Protein chains: 2
Amino acid sequence: MGTDGRDTKAARVYEALRAGILSGELVAGSALDEVSLADAHGVSRTPVREALRTLTSEGLLVPGSRRQLLVVDVSERHRSEIVAIRVALEGAAAAEACARATPDDVDALRLLTIKQRRSADTDDSESFLRLDEEFHRALAAVAAMPTLSRLLMQLGAFVRLTRLGEPTGRRHMRGLTREHEHLVDLLEAREAAGLREALEAHISSTAQRR
Amino acid sequence: MGTDGRDTKAARVYEALRAGILSGELVAGSALDEVSLADAHGVSRTPVREALRTLTSEGLLVPGSRRQLLVVDVSERHRSEIVAIRVALEGAAAAEACARATPDDVDALRLLTIKQRRSADTDDSESFLRLDEEFHRALAAVAAMPTLSRLLMQLGAFVRLTRLGEPTGRRHMRGLTREHEHLVDLLEAREAAGLREALEAHISSTAQRR
DNA sequence: GGGACCTCTCTTGTATACATACGCCGCCGG
DNA sequence: CCGGCGGCGTATGTATACAAGAGAGGTCCC
């Protein structure tokens with residue numbers, strides 16, 4: 001999502017701000033203004049403006065009163081909402097994916113679980129998290145529903161936010177990996193109903209284990 | 001969605017372009033460039049740029065090769081994808097709405113069906129369509145899931161696109177109204193499963209009846 | 001004659017200057 | 001003492017000028 005794939009100042013500012021928000025470096029609720037950001041990043045207001053607009057359309061910034069842009073604050077209620085949306089969207093994608101999965105798709109997903117297992121074994125929680133997100137993206141991609149994937153991409157930032165306090169122990173990572181492996185098995189067997197169910201349980205439980 | 005609620009040139013250009021795309025006036029697949037649009041609307045490139053970025057992030061414009069922005073082309077496959085997403089998202093919202101609906105919510109929805117019936121009776125297909133969209137928005141709003149509503153808003157443009165060739169006869173409009181009334185009944189009775197099912201059938205069938 | 005390179009142009013990216021609108025603060029009047 | 005009103009400051013909205021990159025077409029060399 002965001003600013004296509006082009007390497008531009010607007011894209012860099014966007015990435016920087018996004019990373020700042022997701023890491024919690026930019027505290028929720030604080031206001032951003034164009035000039036200080038432009039100054040801070042050593043660019044003019046124009047690319048900053050663009051980055052701010054993009055982040056706003058993704059919901060990471062929310063227009064406040066007093067004509068300000070505030071860093072979004074995810075409440076507990078918001079968290080469960082994100083989970084519900086993921087369940088709905090990824091569930092729909094999974095059902096379609098069952099009908100369309102090729103052996104190559106299955107292999108690609110298997111490869112990801114293997115990498116995940118390695119990350120879990122080496123206790124590399126950062127790369128594990130990245131692989132986890134990639135797995136879900138890849139699974140949705142199998143459905144070949146570009147608009148749905150686009151929505152999930154947008155949601156990705158929120159998912160990351162909801163996972164900030166999640167445990168990252170080896171045990172936990174291995175558990176998640178096992179669940180992913182199971183999901184791939186179900187996909188390969190084309191058990192649409194079972195896959196959907198397992199996926200929904202997987203996503204929901206992720207939100208619980210904190 | 002789009003450009004907040006402010007009255008600005010960027011917002012006007014955005015609305016104009018959006019309307020053009022949704023009405024089919026801007027043919028799918030054609031490329032837009034900033035200068036001609038700026039010239040056509042009598043503004044500078046800056047607001048045009050902003051409008052284009054917003055439309056792109058909503059998916060109404062897609063980046064093509066040769067660094068162009070093309071008006072989105074909704075294929076048949078894309079149509080069914082939109083329906084599937086609506087089913088997933090609105091279904092999830094409906095389930096939650098059942099748990100949260102207040103008498104006021106129900107009344108507001110009833111009022112909309114009444115207005116719809118009038119539009120159907122007077123054969124005013126344009127206001128009927130608007131009310132239909134508003135009904136679905138309102139139903140989702142009952143769930144009080146702002147992010148989900150935001151996604152549905154974004155999807156709204158595509159929904160409109162998929163409905164371009166839909167029949168608008170009095171019979172058809174009355175049928176849809178009846179279905180809406182039934183949905184409200186189920187919501188009031190808090191029959192979550194039934195509501196979800198009926199809603200999914202309603203949305204799916206809408207796409208069929210063309 | 002064909003292919004590669006070079007240049008030219010057209011478009012988008014960026015900077016900056018100007019306009020405007022909105023909120024805030026202080027003053028005045030009730 | 002409170003409430004409204006007006007000026008001021010600061011933010012965003014807009015215009016425009018400049019830069020840079022990518023594609024197209026022509027030309028030159030092999």
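Note that the coordinates shown come from a computational prediction; the quantities given were computed from them, not determined experimentally. Here is how names work: the chains are called A, B, and so on, in the same order as the sequence lines, proteins then strands, and each is numbered from 1.
- Contact between the side-chain N/O atoms of A/T8 and the OP1/OP2 oxygens of C/dT14 is found at a separation under 4.0 Å.
- With rounding to whole Å, B/Q68 atom CD is found 15 Å from D/dG21 atom C1'.
- Among the protein residues, B/L32 comes within range of the sugar-phosphate backbone only, with heavy atoms under 4.0 Å from sugar or phosphate atoms but none that close to a base.
- Atom CG in B/D7 sits about 15 Å away from atom P in C/dT20, given to the nearest Å.
- A straight line from CD of A/E50 to C1' of C/dT12 spans 10 Å, rounded to a whole angstrom.
- No side-chain donor from either of A/E181 and A/Q116 sits under 3.5 Å from a side-chain acceptor of the other.
- One N or O on the side chain of B/E81 and one on the backbone of A/L148 form a donor-acceptor pair closer than 3.5 Å.
- For residues 99-113 of chain A, the pairs satisfying salt bridge (Lys or Arg N to Asp or Glu O under 4.0 Å) are A/E96-A/R100, A/R110-A/D185, A/R110-A/E188, with sequence neighbours left out.
- In terms of position along DNA chain C, the nucleotide closest to A/K9 lies nearer the 5' end than the nucleotide closest to the other residue of the pair A/R67 and A/K9.
- Within the 4.0 Å cut-off from OP1 or OP2 of C/dC10, not a single side-chain nitrogen or oxygen of B/R66 is found.
- For a distance-only test at 3.5 Å, the side chain of B/R45 qualifies as a donor-acceptor partner of the base of C/dG13.
- Atom-to-atom, CG of A/L37 to P of C/dA15 comes out at 14 Å; the value is rounded to the nearest Å.
- Between A/T46 and C/dT14 there is no side-chain N or O to OP1 or OP2 distance below 4.0 Å.
- For A/R49, a side-chain nitrogen or oxygen approaches OP1 or OP2 of D/dG13 to under 4.0 Å.
- Defined by atom type and a distance below 3.5 Å, a donor-acceptor pair is missing between the side-chain atoms of B/T177 and B/T113.
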